[in-house]
Structures are given as structure tokens and as C-alpha cells.
Amino acid sequence: ACPALRARSLRPCDRCVADDLCPEVRGAQYRCDHRLKKCVAPSWNASVVLQECPEVNSDPRSWGAMCKLPCADQASPFGCAANNCLNEDFPCHWVPGCSSTESMVPAGLPSVSSACLRSCADHDLFANALYGINECDALKKAWGGCSVNSMWQICPVKCQSPECADRCQRDEVPDGAGKRCYQHVESGSMDCVDAIKRGHDCHCKCGSTYLAVSGTLYRKGGGAFTWRDQTQGGRRLDFELNATVGERFTISLAGESLSDQEGVYNPARMKIVEENSPCTHATNAVGVQGLLCERPPGSDLLSIAICDTFPALATPWLHRWTELSVARCGDFHVCHCNGDCGVRENWRLNGIVRIRPSSTAVGQVPAGCEAWMPTAPPLPEAEAGRTELRVDEAIQASLSVAGGLLALHRLAPADILTAVQRALAAYLESRSELLARNAPEPLDITVEAAARRRLRQGPERALAACADNNTDFAAK
């Protein structure tokens, strides 16, 4: 189970995943207890085990596996771990140096397996199976507190045990403000899906959400979550960010099995493209700064863009790019590649960035921001004898289109008017937050054929070329 460790190299009471790791002491071969998952002597009963291997409630590192039913598995896939044991650290964060100097995961056990991706949450199913009470709120009320029957083991969040803080403080990457996903979720400021969409590393607090979308065909080699990754309730896990035009921001993409090499050796890349542009070969949108991604000189529009900016932070669960900005307003798509980014099929659509003007913007309007510029507030009720009031008005505008349409109008008058109507709507439309839709729509526009005056044309006007008259000039 632990190829990096020698047989019988552990000490009495050390955490274990298999009998052959436990020591032989004075002729007695210690075994890996099926409930504690610690090395114990074969002659010890339960009271002796607790005496020899004491646990301190305030110190999660001293706890056993808390298996409420025996867990005899000693090799991958450790199926009994998630079903029988409350301590989510078993077996994937259990024996130091199990697979290597840096990994505790037993041999043959994927880090995205059900034994490893276990949420740090209350165990309502255990409460129901053991005591016939469906949830921790009802269990705490029925028992009158968390100290009865070691309720804190079953309900670590409700009882505010140190378990989640210890595990997730160790495993999750903090955001720019130093807070981790479990702190946001347990404070109620966001749930697991919201936290993942905002770019938090939530694989400790929200392991079950990761497990639900792990190994999908679309991301069979790992990668950042895409628009196709959805919970059973249909909520998407792809990234979303609202940012201010011209101001710096950070993009953190959550996922699984992300490339974790450091610096320039990390093959992962990201780009910010125009909305609906293909991630397979598009370049950065105009105005994007902080990401280098462009086509080779002389290549055509279908050539794949070469992106050279590696992530500032990379773990198997999170990629982060910093010091980014966009100099124009609009909605832009975030595209990510986890490796071998010269291959089109390795690029994925992973989210959206909405760039808007500042709510206090004044002066020159940034490019593309006209539709989102804030309305100036009313003047004070009395300023130099003037009063400004908010008044609802319907603004109408007219324009005419001339040239080349008459012949088409004679053939199909209704069709040409409809075509002009749709073309104007597509050209003029912008997002209206008041109407909660794009405006104008084709039916908002009235198009009609106007009678026109035809100019009389003489032979000189119709036939003469535009040229200097040197003879007339000399005579004059």
C-alpha cells in the first residue's frame, strides 16, 4: 500500500493503512486496527488502545480514523473508507511519505477517487444510520449538546470541531485576501458552487462536488472546470468574474488533475478571447493585457495562436494568473489549456469575464463602455434657481437609407423592408438593463419605403467625364 516505506517501519500507535507497515515488538506483530487505523498490539482491547494511543479532541493529528464500522481494506480502492469512517483524512492524508516524500496517497489510489475527495461536512447519513435522526441540527437538539456520544465526530461543522479548519487550512489554496474556501462556505457568504465559480480551491470543503464531475469524457485527462461540468441540480461550475475596465484583476481556475509544475516549466496556458470566438485557435481579444497570446507572423486566421504566459500559481486543484486587465468593456470568454497547447482539441471554454465601467466614471468614455455608463445623479433641488427632475421619455430617431434598393424593392417590397429592419436592429442593438434585454429589437423599428424625387439628367450630366477644360481655361 505504501511503496515508499519499508515493512514494519512504523511505530506503535502510528497511523497505518496496512498490517505489514506496523512494527514487531518483543515478538508480537502489531496490526493496523480496523477502526482506528493505528498500529496496535494484538493483545490490546479497546480500553488499552485508548490508554496507549490517546486522542486529544482539540488536536486532529492525534485522532484515529473514527470508523463506526470496521474497515478491513488494506489496498486500493479503500472502498470502506468513505462508507464506514468519519475522519476524511483516511486514507489519502494518513501515512506520511506513503508513496513518496511528498505524497501520502496509497499506491494505486487516484487523488480524485471517492476515498480521497471527501467533503469536510456534517455526516447526516451517519447520524441517520446510527441513531435514526436525519440531520445534525435535530441530533444536537435531541441530545442537548455536542459532548454526548462524541457527537462532534459526526457533526464537525455543527459542533465547530477543529477538523475542517485543520484539514482545509492545510489543503486549500487561499484567495488574494488570505481566506480559504471553507471559511467562505461555513460563514454562509457563498455555497460550494458559487465559491468554485469565483475561482476558489474547494477540493477539501466541497470534495463531493468535485467527485460528481470527476473523470468526465470532456476532461478525461483533467483540467479546469468547464461549462459542461454541472451539479445534479444543473448548476454550472465554470468561472465567472465581473471586473472594471482598465483595472487589474486575477483569474483563478478551479479544477482537478491540473498540471502543477512550477514557473516556465508548467505547460498550462490561458487566454481571454472575444465572446463566442473559438477557443481552439482564437487570439486574445483587443485590449487584453498581462497575457501573451498571438499568431505567428504571416499565418492566416485559422492558425492556432501561440500563448506564452504560464500560471503564477499552479497546484493540482487551481491555476492562477495575476496582473491582468482589459482596456474595453464587454463580455469575454476565458479559455484554458492544461498542456500540449499547440493542439486545438486541448483548449476548453472555462468561463466568462464581464468588463464594465467604474460606477464613478467621469470624463471620456472607455472603448465599448457607452451602454454601461452610469446616469448622472439629479442636481440638488435648488441650484441657482433651477430644479432637475427625473422624467420618463420615449426617444425616437429617424434615418433614411438610399441607393441601390429600388430594384429589389420592386421585386419583393415586404422582404427588403424586413431585411432593412433586421439589419438596423443588429447594428444598433445594445444591452438595456432597464428592459433586461437587447434593444432595439427588429419589431421596435418601423421601416417604410419613402417616395423620392428623381433629378432630371441632361446629356452633359449623364455622359460627360469629370475632367479639366484646358481650352476654356486658356480662353478666359
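At a cut-off of 3.5 Å, with distance as the only test, no side-chain donor of Gln183 or His200 sits close to an acceptor on the other residue. Side-chain atoms of Thr244 and Ser358 include no donor-acceptor pair closer than 3.5 Å. Residues Ser214 and Glu256 bring a donor and an acceptor atom of their side chains to less than 3.5 Å of each other. Between the side chains of His184 and Asp194, not a single donor N or O lies within less than 3.5 Å of an accepting N or O. The closest side-chain donor-acceptor pair between Asp201 and His203 falls under 3.5 angstrom.
Cation-pi geometry between Lys271 and Trp347 is satisfied (NZ or CZ under 6.0 Å from the ring centre, within 45° of the ring normal).
Contacts of Glu441 classified as side chain to side chain contact (heavy atoms under 4.5 Å, CB included), with partners at least two apart in sequence or in another chain: Arg437, Asp444. With sequence neighbours left out, Lys205 forms a salt bridge (Lys or Arg N to Asp or Glu O under 4.0 Å) with Glu186. Applying the salt bridge (Lys or Arg N to Asp or Glu O under 4.0 Å) rule to Arg35 yields no partners; only residues at least two apart in sequence or on another chain are considered. Every residue meeting the side chain to side chain contact (heavy atoms under 4.5 Å, CB included) condition with Glu102, not counting sequence neighbours, appears here in chain and number order: Ser100.
Applying the side chain to side chain donor-acceptor pair (under 3.5 Å) rule to pairs touching residues 126-148 yields Asp137-Lys158, sequence neighbours excluded.
Between Asp238 and the options Arg348, Arg198, Lys197, a salt bridge (charged side-chain N to carboxylate O under 4.0 Å, His left out) holds for only Lys197. Screening Arg31, Arg8, Gln74 for a side-chain hydrogen bond (donor to acceptor under 3.5 Å, both in side chains) with Asp19, the sole residue that qualifies is Gln74.
Without hydrogens or angle criteria, Arg295 side chain to Ser303 main chain gives a donor-acceptor distance under 3.5 Å.
Thr309 contributes atom OG1, which lies 9.0 Å from atom CH2 of Trp321 (distance to the nearest 0.5 angstrom). From Asp340, atom CG reaches atom OG of Ser259 across 11.5 Å, with rounding to the nearest 0.5 Å. The distance from atom CD of Gln230 to atom CH2 of Trp227, rounded to the nearest 0.5 Å, is 8.0 Å.
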Donor-acceptor list for residues 37-44 side chains, cut-off 3.5 Å, not counting sequence neighbours:
unit_1	atom_1	unit_2	atom_2	d
Lys37	NZ	Cys71	O	2.6
Lys37	NZ	Asp73	O	3.4
Lys38	NZ	Ser62	O	2.7

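Between Cys181 and Cys204, the two SG sulfurs stay at or beyond 2.5 Å from each other.
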- Step by step, would you call Tyr265 with Phe310 a ring-ring contact (aromatic ring centres under 6.0 Å, His included)? CA-CA 8 Å; Tyr265 298 104; Phe310 54 84; 9.2 Å; no
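Taking the six-membered ring where tryptophan is involved, the planes of His336 and His319 are tilted, since the angle between them lies from 30° to 60°. Between Phe90 and Phe78, the two ring planes are perpendicular [angle over 60°; tilted spans 30° to 60°].
For Trp94 and Trp63, the ring centers sit 6.0 Å or farther from each other.
More than 12 heavy atoms of other residues, nucleotides or ligands lie within 6.0 Å of CG in Leu292, so this atom counts as buried by the packing criterion.
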